[in-house]
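The structure under discussion appears below in the form of structure tokens.
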Amino acid sequence: MANHKSFYITTPIYYVNDKPHIGHAYTTLACDVLARFMRADGRDVHFLTGTDEHGQKVEKSAAAAGIPAKQFCDQVSENFRAMNRLLAISNDDFIRTTEPRHVRASQAIWQALERAGAIYRGSYSGWYAVRDEAYYAEDELTLGPDGRRRAPSGAEVEWVEEPSHFFRLSAWQDRLLAHYAKHPDFILPESRRNEVISFVRGGLKDLSISRTSFRWGVPVPGESAHIMYVWLDALTNYITAVGYPDVDSELYRRYWPATVHMVGKDIVRFHAVYWPAFLMAAGLQPPARVFAHGWWTNEGQKMSKSLGNVIDPFALVDRYGPDPVRYFLMRDLPFGNDGDFSHRAMVNRMNGDLANDFGNLAQRVLSLVQRNCAGRVPLPGVLGDADEAMLGMLDSLLGAMRHSFERQEIHVALNDLWRVIGEANRYVDAQAPWTLAKTDPLRMATVLYVLAEAVRNLALLAAPVVPMGAQRMLDQLAVPAEGRDFRAYGAAGRLQPGTPLPKPLGVFPRFDAKASPAGQAAG
RNA sequence: GGCGGGGUAGCUCAGCGGUAGAGCAGGGGAAUCAUAAUCCCUUGGUCGGGGGUUCAAAUCCCUCCCCCGCUACCA
């Protein structure tokens with residue numbers, strides 16, 4: 001049983017047949033921010049991401065490329081690891097469904113389901129379009145004048161039937177509804193929870209969980225003509241990574257059930273309906289939460305391959321830098337909602353929030369210290385009301401952000417953080433240390449000490465979102481490595497007066513249109 | 001069609017019974033430590049339309065209009 005200090009967070013495993021796009025980056029990024037925050041806060045974090053490498057499409061793409069499927073996966077899976085490096089993702093593990101540990105876990109959960117009587121043999125049939133490699137429901141089809149049925153895509157369909165194993169999902173309707181009722185936060189945001197509940201209330205059909213039409217996948221134990229079908233194989237990755245089927249293993253006991261499965265809104269059902277049903281049927285605990293985030297549009301347009309406007313995270317980071325991209329994606333919309341990416345909004349955030357508000361705050365404070373305190377942390381005198389108020393706002397900020405992050409309200413946490421950054425800028429202006437330098441050097445030292453503390457604490461809290469810039473700020477305050485988590489927050493980690501500081505350098509540069517033409521598309 | 005969410009300042013959104021708020025954008029001013037950054041003041045909304053309940057409604061009820069999501073095997 002996972003203890004309350006542990007925090008196991010996962011991204012979906014990404015289908016290797018796809019190129020990494022902003023949606024993948026976004027999901028992973030949200031997990032990274034949460035994982036970094038929790039780690040800094042002393043939680044025992046396990047952050048998992050990876051790639052889904054099975055299925056007919058992969059099999060075909062590999063064949064088309066003329067290479068073995070495994071080799072194909074090795075190549076394309078690497079694209080996702082490259083994306084992670086690019087965005088400074090701090091995952092603890094990267095799982096691939098082609099790994100032996102995962103084949104073992106998938107077959108083990110299959111056998112557990114079989115023992116529980118949750119699986120039976122039958123046959124899967126439906127209207128299949130060879131061209132689309134997909135099944136369609138009767139009501140999606142149109143009957144042409146030639147008497148042939150066609151899919152919405154225009155592809156001709158034919159009635160096919162193949163033997164298959166089924167999972168008794170229909171038996172889980174009441175237990176799932178009871179689970180949702182008992183755990184109101186199992187699915188967030190609430191609107192997604194409503195959708196799932198209404199879906200389950202509508203009745204559940206048994207689920208086909210094996211296929212014989214392709215080979216690239218996990219063989220069904222004892223029946224290798226059958227391949228485990230996508231979702232059972234894919235979802236199992238979350239327990240593979242913590243050691244399943246060794247439920248007594250150190251990892252499993254520490255981290256299962258998962259704290260949060262982060263998913264896009266398109267795959268909520270698989271995570272909030274099928275997955276808990278699989279787990280409960282296998283005698284395992286369901287995860288504590290499934291959080292579904294929204295989708296991005298690009299300059300108001302839906303992104304699609306045919307429109308050619310899919311945002312490439314590599315191009316994005318190349319243009320704006322990793323910290324600004326991370327910040328923008330986490331800040332510009334309520335987490336859970338859909339958002340729109342635009343160059344204008346991106347630059348507004350980058351320049352307004354990062355460069356002007358935060359970067360410039362650090363720069364002006366550090367420059368004042370450098371020039372007026374001989375480049376050392378000043379020695380504060382007695383604190384006045386304004387000083388206490390400033391430090392007090394900082395002290396209460398950690399608790400507020402903790403509360404928001406607990407519910408994945410990343411935007412609320414950032415809003416709170418930037419409100420205090422604003423307070424710090426106002427404090428600078430109100431105290432005018434540049435004037436005190438001439439009239440009251442002792443008072444100036446106190447003000448600059450409070451401000452240096454403000455920058456230190458703000459950098460600690462900003463680090464999960466903008467790790468590179470925050471670390472550079474802490475470097476400039478000569479904060480030692482062991483002083484960079486929340487144990488050092490507030491009074492516990494005050495700067496030592498007299499500590500020599502390096503020359504300040506700008507953090508969070510403004511976006512320069514000349515260096516990167518504004519007219520150029522981001523994607 | 002059914003279920004759910006939403007329509008509040010130019011933009012993104014908060015407020016959800018007590019005579020309209022924030023950030024950004026726009027306008028004016030102050031300051032000059034700083035990445036021409038910062039700070040202060042300010043223009044701007046009959047809170048989608050209509051009806052009702054109430055001493056009092058973005059806030060509750062009814063109705064209409066519009067937008068979005070879900071409505072099963074698609075990563």
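Chain A is the first sequence line, chain B the second, and so forth, proteins listed ahead of strands; every chain is numbered from 1.
Comparing the same atom, P, in B:G23 and in B:U59 gives a spacing of 25 Å after rounding to whole Å. Separation of the C1' atoms belonging to B:A37 and B:C74 is 49 Å when rounded to the nearest angstrom. Comparing the C1' positions of B:G5 and B:A25 gives an interatomic distance of 29 Å, to the nearest angstrom. Between B:G15 and B:C70, the distance separating the two C1' atoms is 28 Å to the nearest Å. Across B:A20 and B:A14, the matching C1' atoms stand 12 Å from one another, rounded to whole Å. If you take atom C1' in B:C55 and the same atom in B:C64, they sit 29 Å apart, rounded to whole Å. Atom name C1', nucleotides B:C67 and B:C73: the rounded distance is 29 Å, in whole Å. Nucleotides B:G49 and B:G10, compared at atom C1', are 23 Å apart to the nearest Å.
Minimum atom distance to the side chain of A:Lys265 is reached by B:G69, of the listed B:G69, B:G5, B:A37. Between B:A34, B:A72, B:C13, one nucleotide has an atom nearer to the side chain of A:Leu169 than all others, and that is B:A72. Of the candidates B:A72, B:U38, B:C73, B:U38 carries the atom nearest the A:Asn425 side chain, counting heavy atoms from C-beta on. Among the nucleotides B:A75, B:C3, B:A72, the one closest to the side chain of A:Lys205 is B:A72. When distances are taken from the side chain of A:Asn360 to each of B:A34, B:C73, B:G69, the shortest belongs to B:A34. In the set B:G69, B:C13, B:G5, the nucleotide with an atom closest to the side chain of A:Glu195 is B:G69.
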Filtered N/O pairs between nucleotides 22-31 of chain B and protein, under 3.5 Å:
none

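Partner assigned to B:G44 is none, using Watson-Crick or G-U wobble distances below 3.5 angstrom. In this structure, B:A30 and B:U38 make a Watson-Crick or G-U wobble pair, each of the two defining distances being under 3.5 angstrom. Across all strands shown, B:A22 forms a Watson-Crick or G-U wobble pair, both distances under 3.5 Å, with B:U12. Summarising the base pairing, B:C3 is matched to B:G69 through a Watson-Crick or G-U wobble pair whose two defining distances lie under 3.5 Å.
Atom CZ of A:Arg201 is separated from atom C1' of B:C70 by 14 Å (rounded to the nearest Å). Rounding to whole angstrom units, OH of residue A:Tyr229 and P of B:A72 are separated by 15 Å. One interatomic measurement links the two molecules: CG of A:Asp332 to P of B:C11, which rounds to 15 Å at whole-angstrom precision. Going from atom CZ of A:Phe270 over to atom P of B:A75 covers 8 Å, rounded to whole Å. For A:Glu53 and B:A75, the CD to C1' distance is 13 Å, given to the nearest whole Å. Taking atom CG of A:Leu333 as the reference point, atom P of B:C68 lies 18 Å away to the nearest angstrom. For A:His411 and B:A14, the NE2 to P distance is 8 Å, given to the nearest whole Å. Nucleotide B:C16 holds its C1' atom 14 Å from the CD atom of A:Glu190, rounded to whole Å.
Nucleic acid contact class of A:Gly359 (heavy atoms, under 4.0 Å, all strands): base. No contact: A:Gly336 has no heavy atom under 4.0 Å from any strand. A:Ile197 comes within 4.0 angstrom of nothing in the nucleic acid, heavy atoms only. Residue-level contact check: A:Trp418 touches neither bases nor backbone, having no heavy atom under 4.0 Å from any strand. Among the heavy atoms of the strands lying under 4.0 Å from A:Phe199 is at least one base atom, whether or not backbone atoms are also near. Note on A:Ser367: only backbone sugar-phosphate atoms sit closer than 4.0 angstrom, heavy atoms only; bases stay farther off. No engagement by A:His271 is indicated, since no non-hydrogen atom pair under 4.0 Å with the nucleic acid exists.
In this structure, A:Arg193 is not positioned above the aromatic face of A:Tyr180 in the sense of NZ or CZ being under 6.0 Å from the six-membered ring centre and within 45° of the axis. A cation-pi geometry, defined here as NZ or CZ lying under 6.0 Å from the six-membered ring centre and within 45° of its normal, does not hold between A:Arg349 and A:Phe328. The cationic atom of A:Arg289 (NZ for Lys, CZ for Arg) does not lie both less than 6.0 Å from the six-membered ring centre of A:Phe186 and within 45° of the ring axis.
Ring pair A:His24/A:Phe80 is perpendicular by interplanar angle, where above 60° counts as perpendicular and below 30° as parallel.
Heavy-atom neighbours of A:His183 NE2 from other residues, nucleotides or ligands within 6.0 Å: above the threshold of 12. Other residues, nucleotides and ligands contribute only 12 or fewer heavy atoms inside 6.0 Å of the CD atom of A:Glu190.
Taking the side chain as every heavy atom from C-beta outward, A:Trp231 and A:Leu207 never approach each other to under 4.5 Å. The closest side-chain heavy-atom distance from A:Tyr320 to A:Met346 is below 4.5 Å.
Map A:Leu505 and A:Ile421 each onto its nearest nucleotide of RNA chain B; the residue landing nearer the 5' end is A:Leu505. Nearest-nucleotide assignment on RNA chain B puts the 5′-proximal partner with A:Asn194, out of A:Asn194 and A:Ile13.
By the rule that a glycosidic angle within 90° of 0 means syn, B:A22 does not qualify and counts as anti.
Taking side-chain N and O atoms only, A:Tyr128 has no distance below 4.0 Å to OP1 or OP2 of B:C74. Checking the phosphate oxygens (OP1, OP2) of B:A37, no side-chain nitrogen or oxygen of A:Arg364 falls inside 4.0 Å.
With respect to the salt-bridge test (charged N to carboxylate O, under 4.0 angstrom), the residues A:Glu99 and A:Arg96 do not qualify.
Between the CG atom of A:Leu177 and the NE2 atom of A:His179 there is a distance of 11.5 Å, given to the nearest 0.5 Å.
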Using atom types as modelled, flag every donor-acceptor pair under 3.5 Å from a side chain in residues 412-422 of chain A to any protein atom, sequence neighbours excluded.
from, atom 1, to, atom 2, distance (Å)
A:Asn415, OD1, A:Arg331, NH2, 3.2
A:Asp416, OD1, A:Arg419, NH1, 3.2
A:Trp418, NE1, A:Asp353, O, 3.0

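For A:Asn356 against B:A37, a side-chain-to-base donor-acceptor contact under 3.5 Å is absent.
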